[in-house]
Amino acid sequence: MLEKAITGDKRYWGWIAFVLMLIGTGAIAYLRQLDQGLTVTGLSRDVSWGFYIAQFTFLVGVAASAVMVVLPYYLHNFKAFSKLTILGEFLAVPSVIMCMLFIVVDMGQPFRVQNVMLYPSLNSPMFWDMMSLSGYLFLNVVIGYMVLSSEKKGIAPPKWIKPFIIISIPWAISIHTVTAFLYSGLAARPFWMTAVLAPRFLASAFAAGPALLILIIFLMRKLTRFDAGKEAIQKLAVIATYAMCINVFLVLMEVFTTFYSGMPEHMHHFEFLYVGLHGNNTLVPWMWLSSALAVVALVLLLTPKFRKKEVILGFACIAVFVSIWIDKGLGMIVAGFTPSQMGEVVDYWPTLNEFMVSIMVWGIGLLIMSLLYKIIFTVRGETKPALEAKEDKKELTVPSN
Amino acid sequence: MKALYSFFAVIILIALAYLGITADMTTFFGLVLPYIAAAAFIFGVAYRILIWAKSPVPFKITTTCGQQKSLPWIKNSNLESPHTTLGVIGRMALEVLFFRSLFRNTKMSLKDGPKIVYGENKWLWLAGLVFHWSFLIVIIRHLRFFFEPVPEFILLIQSLDGLLEIYVPVLYMTGVALLMSVTYLYLRRALIPQINYISLISDYFPLFLIMAIAITGALMRYTPLRVDIIKVKELAMGLGSFNPVVPEGIGAIFFIHLFLISVLLIYFPMSKLMHMAGIFMSPTRNMKNDNRMKRHINPWNYPVDTHSYEDWEDEFRDVMKEAGLPLEKE
Amino acid sequence: MGIDRRKFLTIAGLTTLTTLGKTVLGSSPAGHDPIETGSQAVKRLAMAIDMQKCRQNEGCVECTKICHKIHNVPDIGNSKEEIKWIWKENFEAAFPNQHHDLLEDEIKNNQVVVLCNHCDDPPCVKVCPTQSTWKRESDGIVMMDMHRCIGCRYCVAGCPYGSRNFNFRDPRPFIKETNPEYPTRTKGVVEKCNFCAERLADGLLPACVDICPEKALIFGNINDPKSEIRQILKSRHSIRRKPILGTNPQIYYLV
Amino acid sequence: MSAKKPTPADLIQIDFNPGKKDWMDAKIDFEKKRGNWNYQVLPKSAEYVGMPYPRKWSPADEDWKLPDNWQKIIFEGLRDRLDKYRSFKIFMDICVRCGACADKCHFFIGSGDPKNMPVLRAELLRSVYRNDFTAAGKIFGSLAGGRKLTVDVLKEWFYYFFQCTECRRCSVFCPYGIDTAEITMMGRELLDLVGLNIDWIGTPIANCHRTGNHLGVQPHGFKDSIDFAVDDLEDITGVRAEAPINKKGAEILFVIPSADYFGDPHYFGLLGYIALFHEIGLDYTFSAYASEGGNFGLFHSNEMMKRLNGKIYNEAKRLGVKWILGGECGHMWRVLHQYMDTMSGPADFMEEPVSPITGTKFENSKSTKMIHICEFTADLIKHNKIKLDKSRNDQWRVTYHDSCNPARAMGLLDEPRYVINGVCNHFFEMPENTIREQTFCCGSGAGIGTDENFEMRMRGGMPRANAVQYVHEKHNVNLLACICAIDKATLPPLMEYWVPEVEVGAIHELVGNALVMKGEKKDRTDLRGEPFVGTETAGKEEEANV
Amino acid sequence: MYDASKIILGILIFLVLATSPFWYSKATGQSDYLPDPVILTKDTPGKDVCVMPTDYMRSSHMDLLNDWRNSVVRDGERKFVSPNGHEYKKSLSNTCMDCHANKTEFCDKCHNYMAVDDQTCWSCHVEPKEEL
């Protein structure tokens, strides 16, 4: 089955070559970071986590969102998702790997990463996060692989896989919860120290993940013979809609609590994000863009007429995804550090080098996802013939179903 | 049973070396035997290759694992069914470096139905690949004992191998990988009924031998059984440059390690381990599938007795005539 | 002969172990302890900073200078990557909760010495995923093991006082004069004030305490009712940085 | 005296666990194993082609009447072959018994007999080689995996080397490319040295040597068959085709396996060829002398293969053709592709093959000058040189069985598929681990497709049949197309046994069906005489009216 | 012999690789080089003996250093009593390097010879200034 990933037409190999080129370019930037240290990033003693950790946080959400197809299918027997579960699981796999890589590239001493296992520290949420992420990776690899290979063999998946699938559902919730605990347990950072952080993370994940999945389905429909079916897409859209509602709701809760109570330590962070603080407006336009997109997305999604039009749904999904990416992937982490414990506002924006390293990690994720999806579609006989073959009047192979 | 034989054979070898060292036979174990072993290995392997080379390859019997080169608009698979030299080199490179054929491995199982299903089975490929690559890197790392000054590429490989900062002295990943993979290779022989059935003593022996070599090596690096490696290098340099010396006071564990390596080297040319050289000479893999394009010469192609047309026509002339078939001679 | 050697090694190893054992178990380490324990209570080292005294010498940075010198703290010259073990901070920044507009100018406009608070309940220790930072049982100092630190900077995020410093780059080129007796750090690890643990072991006081021309820094075992620091805290009003966070800082500021 | 035929339900009870007993124990009870081995070669046939020690004996006998010095003969033969074949020598030395080949053999999958694992089949011979030809074996004997050559070992060779169809599937998976077919071939040559061979190989060889084809059809019989086919084709299509025989000066010599003009369903393929050649106006000739493309010599010995193979080039030279076209056959193409040029070449009296219809140069056979009919037809279809009506094959839902030799010794994979896709609408592939280079043998190749061997054939064919069953159930497939004469002979009983309702057919039968011929009659049928789907309903209505 | 050119080339490559230590030693002429670490003692009276016997130190000094590192950093144990009763401060820079004051002439000699990377120590610990 794995060999499906290394057979393909020119279009496929062209894409893989492109992704490898991205990775290679990013790797050069990473080597530079290894050599010179994290000074090549925009990070500072005040804003000590930035783009890398923000990407990590965002991607944990993408990974966790697989549960939004797994749960309806396996617990509620929602048949329309039968073809989607593996897509979800094989989206979770590269996402978790990217999460781990973003942590590694953020480390000052990446070659000591194994110390987390060698000296397990039960009091550190980071230890638990690593445990839950690797567990989730393991679960998704095993489940996705076993289900797909059984599908290929034309037999029912082995019985022992069922408990794994059931466990994977709460496990998905756990990865994003523990990730929220990384932040929300810090007394030093009032912005994060809120009980709704984990629910907010989950709500945003369950909006962004299904939105991404819908976009992937649209893309795959263009590139392959795969079709998830209208029902599945609409159900995903509904999931994204309500998750987005809850997400926006929770953000508004935060805003109320912060500003009505009027505690300056809490307010400053929101001020920094939405109006700027001490003359620093770096994130202000972004955050308003995010809010605007959220509003647009909600209007489009909540109106059934729009939601059911696939073109509009596509736009809405892009709006959801980008809105949440800005919120989590840009704002969430930096705002926690701004203002600093000393009340200072230190400007942070990722450097080119930092951005390139992120490209490397995204590239590795894309590569893994491409390989895995290639395997899925080849096994299911859903690949489209190469362009050359299309020009040819007679196709060499005829699909077996 | 067969595994036990091999296991005890290796234990006995270890005991032999130990007794020999306590009996102060360091010159034998440190100099004489290594030279014998190196000679046996080098000349043995070369000899075996020459013996193979003595036999011709009378026919071009490529196993074609992909589409042949035929019509211009049918895509030829030049790596699986190569028709050019470059294709053959590519195919061989994939075989030698990445075990291409083993990567294809499947596992058949018979389900009710009856239905035969073919599952993926990449563990042997993975373990084999890990085993051979880590063994190679371990050997390259050991060249630091034989080369002075130590060349850059060895330093580079060493530092990459010890990239993860675990333990002092730093834990080499290939060492762990080697031991894990060789253990897997043993376990599959022990536990999978069919593999167990086909395994011979000579399949277990090298596994245990390599395992013992790796373990003694690890003991010397990571435990208080450590030896003075300056002296070891002195000995190794002496061996390599033919100015042999056996420095005093290297621990017995080193001589056991060296003795087991010597045994492996001597054993190598007379065993299945020759697959190292054989893979390059396997006619089903290293030949082009250009049979109909280019004539292959069989050096012993002797004439044989065929039924010639003339004889044949003589035999059937009457019936042919009757049937109105054209004839050479009326 | 190999065997003989091995035997010897075993013996040597055992000897080491026994001596180790003795020193570990032995009640009082050799050398003279400047911090008399005085009672059975567990030792808890703390520092009191007399802001009044400190204020008197405006512009004095002797403590910073000596500390950074003996600990090979680099001077990166870039506020974003600065590494500081002990330094002076605006009152408002150090005590955001104590600040108000009507505060005496003397206090409001002056700077206070800040350093790692060696909290009794240190958040940095809680979050560290590798136990590279921990609170020493014997005297409560929050220690760091640079050999183990993976540079994840969770502690930086967790510390409410900005006391933790990350080495964004190789610090060595930025150390003017290296003290060979103390290691430098490598790039990619976190570092901070260690209460001069290495000097304490030699029976010396922390360098900052020693050097302060105003004798504004008082150091001692807070669990010893007879100690100087205990006495002074009893007699003077003191505040601590962000006590509301529950970290229980062990640097006391005498108002 | 043939054994009782077991039912599919019996056969499918397969135990793959080999147990703990040491495999070097060689004793085989032939009487008990009836249905799994083949009858001995008849002395008459053996004598005719000069096989050694022709005699009356039977595998079921205790005494095989071996020559007194049989061991010496085998050892000398073994040494001789080690010196002649590098492949053999290397394959004896480098196997590491990794077991990757074990469950790749159709006989092992079908029987569970551990000695049908390719590795162990080779070890039967390898153990003897180790014992007497290697230093380690001479010193350590059985500790080094050596085994003495006893009569029981020899009998075991006979049993298992005639239980291998030389299909080479194992060699695809072997990390060193060890080809058990090579070892089986050597094993069979050695057995032949002491007069141990089977009749299904010996007699066709004798026939072929004498008359030119395995079936022993004499020239006039051959002409009758071809003429009959031409008449048949006229009945079906209303078109009278020419099918010249032994025509001097023809451009192309056309060589087919003899089963094509005698066997069913091969015969429909023959009709297809004749129709196609007529339609494109090809200048070709059959030969009554080279009336056999197949070569059972391949299953006997290299020397015998060469003896039988010579006639093709001889005849091409005599008739003065420009190049040779070969019909649908499996092992025939192994010989033609991998051996003929080396054995009987160089074919410098011919020209590099060029299709007279499309002008395509067949550069891949510029030395051997022989091209495969599928290459030829695929080229015609690609260039739109023939008019095809795919719907004329709508009665068939087709799957394609890659015959072992064209797949694994030739790499002929996409050409047949191209032709099938060009002539029919419903084509379905079997599961991917059972097609192309991983294709499964019919279980009856390499000269062991006999009735007395029925049980083993059904076992060996089971993996193939199982894959057909898969597409039969999933896609309602009802035709198994193939391009091998042995397949066409042995797959029908295999299908009948495992997957009734699936027919077997030649690719060129499908081509013949789809071919719209100039001047064909209105009510033409397919080559089996069945009305085309669609026209058939019209016919039925007529019937109803009557 | 058949395919002689290819096979002989292959065998030659094998032979050269297998005997490369010999050719390399001929090329560099360094085969009999042996490191001669020099001990340049700083003026530290009374410390003319090493903390452990030479044999042990030659093979296992990293064990000792690792042990010291852990006990000093993690347990605050800074005293070491040698087998012959001397007491030392556990410190690479302040104890070891007092006697072995010349890293290039002492540590590096063997470390270079054996290609053992010691950057893990010296990227933080400060090597003494070499005055000679």
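All values reported here derive from a predicted model rather than from experimental measurement. Lettering of chains follows the sequences in order, A, B, ..., and the numbering in each one begins at 1. Scope of the values below: all heavy atoms of this structure, side chains included, with no hydrogens, waters or symmetry mates.
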A:I103, part contacting chain C, at a heavy-atom distance under 4.5 Å: neither
Regarding C:R240 and C:N248, is there a side-chain donor-to-acceptor distance under 3.5 Å anywhere? yes
Whatever's closer than 4.5 Å to a heavy atom in chain C on A:L43 counts as both
Report yes or no: does C:H68 contribute a side-chain atom to a donor-acceptor pair with the main-chain N or O of C:P74 at less than 3.5 Å? no
When heavy-atom pairs shorter than 4.5 Å are enumerated against chain A, which of C:I150, C:V125, C:T247 gives the highest number? C:I150
Is C:N78 in contact with chain A via its backbone, its side chain, both, or neither, using a 4.5 Å heavy-atom distance? neither
Between A:S261 and A:T258 (side chain of the first, backbone of the second, donor and acceptor by atom type, cut-off under 3.5 Å), is there such a pair? yes
Heaviest contributor of heavy-atom pairs below 4.5 Å to chain C, chosen from A:P125, A:G343, A:P120, is A:P125
Select, from C:E89, C:E92, C:R148, C:K126, the one with the greatest count of heavy-atom pairs under 4.5 Å involving chain A. C:R148
Determine the minimum heavy-atom distance between C:P129 and A:F127, stating which atoms define it. CB-N, 4.3 Å
Please classify the contact between C:F166 and chain A as side chain, backbone, both or neither, with a heavy-atom cut-off of under 4.5 Å. side chain
Residue A:L38 versus chain C: region with a heavy atom under 4.5 Å: both
Could you tell me which portion of A:Y52 (side chain, backbone, both or neither) has an atom closer than 4.5 angstrom to a non-hydrogen atom of chain C? neither
Checking heavy atoms, do the side chain of A:V116, its backbone, both or neither come under 4.5 Å from chain C? both
Taking side chain as everything from C-beta outward and backbone as N, CA, C, O, which of these in C:I244 sits under 4.5 Å from a heavy atom of chain A? Side chain, backbone, both or neither. neither
Where the side chain of A:E354 meets the backbone of A:T351, is there a donor-acceptor pair that is under 3.5 Å apart? yes
Measuring heavy-atom distances to chain C, does A:I333 have an atom under 4.5 Å in its side chain, in its backbone, in both, or in neither? neither
Tell me whether the guanidinium CZ or amine NZ of A:R45 lies under 6.0 angstrom from the six-membered ring centre of C:W87 and within 45° of its axis. yes
Under 4.0 Å between a Lys/Arg side-chain N and an Asp/Glu carboxylate O for C:K135 and C:D120? yes
Top residue by heavy-atom pair count (under 4.5 Å) with chain A, among C:K242, C:K187, C:R153? C:R153
Heavy-atom distance under 4.5 Å to chain C: side chain of A:S48, backbone, both or neither? both
Chain A contact via C:Y161 - which portion, at a heavy-atom distance below 4.5 Å: backbone
Near A:W286 CH2, under 6.0 Å, is it more than 12 heavy atoms from other residues, nucleotides or ligands? no
Decide if atom CZ of A:F138 counts as having more than 12 heavy atoms of other residues, nucleotides or ligands within a radius under 6.0 Å. no
C:D75 with C:K176: basic N within carboxylate O range, under 4.0 Å: yes
Answer yes or no: is there a donor N or O on one side and an acceptor on the other, between the side chain of C:N165 and the main chain of C:S163, under 3.5 Å? yes
So which of A:M117, A:R189, A:Q36, A:E265 has the biggest tally of heavy-atom pairs under 4.5 Å with chain C? A:R189
Applying a strict 4.5 Å limit to non-hydrogen atoms, the region of C:C152 in contact with chain A is both
